[in-house]
Amino acid sequence: MRRFLKNSIIFTVGIIISLYFIDSVYSKVYNNSTPRNKTQYILSLKKGEKLDYVFLGSSRVENVIIPSIIKELTGNKTLNLGTQGAKLDDINIFLKLLIDRQIKIKRLFVQVDYTYNYVSSSDIVRSQSLPFIKSNSVIKEYLKKVDSNYYKNYYIPFYRYGANDYRIGFREFIASLINKKSTADFETGYVPIYGSIINNNDQISSLPIEIIETNKVINEIDALCKANNIQVTYFCSPFCSKLKTNNYLLKLKSKLPNFQDFSSVIKEDSLFKNCSHLNKAGAEKFTRHIVKKLNL
Amino acid sequence: MLFNSFTFLFFFIIVFFLYWFPLKNKTKAQNIFILLASYIFYAWWNWQFLGLIILSTIVDYFVGNELYKQKDIKKRKYFLALSIVFNLGLLCYFKYSNFFIENWIIAWESIGFQSNVTSLNIILPVGISFYTFQTMSYTIDVYRNKIKPTNSIINFATFVAFFPQLVAGPIERASHLLPQFSLKRTFNYSYATSGVKLILWGLFKKVVIADTCATYVNVIFDNYEVMNTLSLILGAVYFAFQIYGDFSGYSDIAIGLSRILGFDLKQNFNKPYFSRNIAEFWRRWHISLSTWFRDYLYIPLGGSRGKTIVKVRNVFAIFLVSGFWHGANWTFVFWGLLNALYFVPSLLLNNNRKYLDAITIGFNRIGLINLMNILITFLLTILAWVFFRANSISEAFSYLNRLFSNLNFSFQYMSIERYNFEALMLLFFFIMIEWFSRNYESPFIGKFKKVYFSATIILIILLGVYSKHSDFIYFQF
């Protein structure tokens with residue numbers, strides 16, 4: 001028994017040391033590799049860099065705003081920081097990271113729709129932030145607030161990589177290690193999607209009937225923008241003609257005076273991939289539309 | 001409480017220390033303690049169903065003793081019937097009620113009538129298929145005078161609820177496991193370390209092989225209408241390894257845990273995908289269930305003796321029942337039927353007892369024939385697995401129809417942000433390890449066993465799938 005226990009202890013200590021070692025290797029690689037997601041991209045931006053326009057939001061920004069068109073029409077440098085599944089808390093952290101990197105932003109555009117009713121974050125942004133939990137104080141604070149596994153992720157070696165293996169596990173680690181380029185172009189941040197709503201049976205949903213009194217994340221974003229002299233505009237990206245809006249966007253407008261409702265500006269359903277996402281042709285049309293409407 | 005969870009790790013560490021230190025050399029106290037630990041283990045999932053295990057234990061303990069006392073054949077038959085009806089009744093109610101009700105409704109509707117019967121809201125208790133079969137084997141063996149009943153209800157209850165194998169087997173026989181509860185257990189270093197090796201290898205098979213394959217299998221089977229032929233072939237292959245890694249991994253962990261506590265459980269898998277025909281496959285796959293059906297169904301029906309028609313009937317009976325045991329869905333029955341069809345030629349040609357020797361592949365004619373036979377058997381097996389995995393028989397046929405008609409063999413990028421072929425590298429590596437260690441229970445052998453052991457730990461850490469915590473497939477059976 002003594003021999004068994006002795007070997008078990010050696011075995012356990014060996015595992016713990018291995019976990020610490022692998023954790024540090026993973027973290028080092030993620031901190032030094034070519035960006036493969038938007039969190040990494042923001043952290044790789046040069047301190048003090050100037051950006052004319054920044055768009056924040058979910059895939060309804062990522063797949064919808066084409067910075068190259070804005071640049072072509074206005075000559076202004078634009079960055080699309082929309083991320084699949086992003087919620088208001090994620091938008092908030094992106095803004096905080098940009099401010100922390102001392103990025104000078106002339107105008108900020110934040111996409112808001114039914115997300116106004118929620119104070120939540122997306123597991124995609126959360127897991128992509130985990131490699132920086134120890135190296136970036138802004139991310140540390142954000143995760144402390146939104147991550148229910150914060151203490152496990154922070155204190156148990158390798159836990160964050162194991163528990164989020166789908167996004168930051170071995171496969172992503174190898175891709176980062178060899179500096180494999182992401183399919184997305186982070187210089188602009190736009191990710192096109194193809195296909196048309198006509199060819200699929202999209203589940204048409206509706207916007208909420210009720211709206212919450214106030215959203216504290218929006219208040220925080222407003223305060224941050226004011227403190228850093230950033231002009232912020234909230235907007236709603238287009239929806240297809242079949243969406244039931246339930247007057248929700250009118251209620252939203254009453255909450256956010258600087259809100260622009262673009263929900264019905266694209267009339268042709270053929271320009272949508274599904275009811276909430278424009279396809280590439282739709283994104284081109286919409287981007288040209290907002291250049292005029294927002295006086296970019 | 002899953003074996004691959006931190007909760008179980010802490011649970012087992014506590015069990016280990018209490019079992020081997022304060023309770024050392026106190027066999028009765030150790031048994032009571034294992035029984036309590038087993039009940040806690042089960043109650044962690046759903047305490048309400050603990051009553052079923054206790055009820056099953058009491059009924060079969062009582063029946064076992066009555067069978068031993070009774071000399072009257074009629075009364076003995078009556079008691080045996082009581083045990084079988086009770087255990088199968090539990091199984092039928094909890095596992096098959098809705099299946100029978102739904103088919104009843106469909107049958108009436110097909111002839112234009114509406115049935116007022118509605119399906120019931122029944123939860124399937126984890127492990128019910130395993131422990132009912134284990135307790136039934138006890139009463140049948142007592143009835144056949146193969147074993148004497150135990151006079152200790154604690155030992156019997158521990159045999160029924162023994163936590164390492166309670167929820168997914170191996171299905172133990174009373175003749176093998178029950179006497180071990182009466183023996184004094186002394187800690188044996190080499191036996192315990194062999195257990196640790198099995199646990200580690202089982203964990204590798206579960207979290208690295210099975211759960212990686214599951215990621216691909218789920219997306220391919222759920223979206224088979226848009227998958228190309230290569231993806232569909234790979235989906236079936238991945239599922240073959242998912243179910244093997246999952247179930248044999250669980251069995252290895254169960255056997256390993258038992259060894260650390262000083263118990264021996266029977267081997268449940270013996271490298272089944274290296275089988276040279278279907279009969280050999282069934283001697284190597286889920287051995288505890290196959291032998292259960294052989295001993296308590298196939299042989300009583302006449303086995304492979306008698307007229308050809310009787311032999312064929314017996315083969316179909318055992319495979320159809322085996323299929324139905326796996327789940328209340330026609331897909332499982334069809335899977336059993338396919339396996340029966342595969343098996344019958346071996347039976348008729350009298351080569352079902354062929355290939356009892358060790359598997360070898362050399363650069364000669366026999367080696368090549370062996371390789372061909374292994375590949376053909378594997379292909380037949382994966383074809384049957386499609387029915388096992390699909391949600392309905394028609395879905396399985398649609399899957400196969402697309403597989404044979406699409407004929408596009410390109411690498412497909414899937415919604416899980418991975419190419420269809422990506423898990424193949426891992427599988428190739430796994431097959432190589434399995435092949436070179438085919439005559440051993442784990443691959444930690446030879447001069448470099450410590451290196452292999454350490455490498456496996458690192459691979460479990462690096463390649464294990466932890467984000468989508470998957471239950472063991474056989475829990476649902």
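Source: prediction; values computed, not measured. First the proteins, then the strands, lettered A, B, ... as listed; each starts at 1.
- Annotation for A:F21: atom CZ does not count as buried by contact number, only 12 or fewer foreign heavy atoms lying within 6.0 Å.
- Heavy-atom distances place no part of A:F173 under 4.5 Å from chain B, backbone and side chain included.
- How far CD1 of B:I260 is from OG of A:S8: 8.0 Å, rounded to the nearest 0.5 Å.
- Environment of CZ in B:F21: crowded, with over 12 heavy atoms of neighbouring residues, nucleotides or ligands closer than 6.0 Å.
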Next on the checklist: Between A:F4 and B:W20, is the side chain to side chain contact (heavy atoms under 4.5 Å, CB included) condition met? List the steps.
Outcome noted: CA-CA 12 Å; A:F4 184 78; B:W20 284 119; over 6 Å; no
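- Atom CG of residue B:L200 and atom CZ of residue A:F11 lie 5.5 Å apart, to the nearest 0.5 angstrom.
- Here the CG atom belonging to A:L19 is positioned 8.0 Å from the CD1 atom belonging to B:I458, to the nearest 0.5 angstrom.
- Remark: side-chain polar atoms of A:Y166 are paired, donor with acceptor, to backbone N or O of B:I416 under 3.5 angstrom.
- The 12-atom threshold is not exceeded at NZ of A:K28, counting heavy atoms of other residues, nucleotides or ligands nearer than 6.0 Å.
- For B:E422, the CD atom counts as densely surrounded, since its 6.0 Å shell holds more than 12 non-hydrogen atoms of other residues, nucleotides or ligands.
- The number of heavy atoms from other shown groups lying within 6.0 Å of OH (B:Y419) does not exceed 12.
- B:Y466 and A:F158 have their aromatic ring centers separated by at least 6.0 angstrom.
- For chain A, the nearby part of B:I457 is the side chain; its heavy atoms alone come within less than 4.5 Å.
- Considering only heavy atoms from C-beta on, A:L5 comes within 4.5 Å of B:F16 through its side chain.
- Residue B:F6 qualifies as open at atom CZ: its count of foreign heavy atoms under 6.0 Å is 12 or below.
- Of the atoms belonging to A:Y159, it is side-chain heavy atoms, and not backbone ones, that fall under 4.5 Å from chain B.
- Of all heavy-atom pairs between A:D165 and B:G464, the closest is OD2-O, 3.6 Å.
- Within the model, atoms CZ of A:R3 and OG1 of B:T193 stand 7.5 Å from one another, a figure rounded to the nearest 0.5 Å.
- In the displayed structure, A:E187 atom CD is contacted under 6.0 Å by at most 12 heavy atoms of other residues, nucleotides or ligands.
- Put simply, the side chain of B:R418 reaches to within 4.5 Å of the side chain of A:R171, judged on heavy atoms.
- Residues A:F170 and B:L462 share a closest heavy-atom pair of CB-O, 3.4 Å.
- The neighbour count for B:F421 CZ, taken as heavy atoms of other residues, nucleotides or ligands under 6.0 Å away, is above 12.
- Of the two parts of A:Y161, neither the backbone nor the side chain holds a non-hydrogen atom closer than 4.5 Å to a non-hydrogen atom of chain B.
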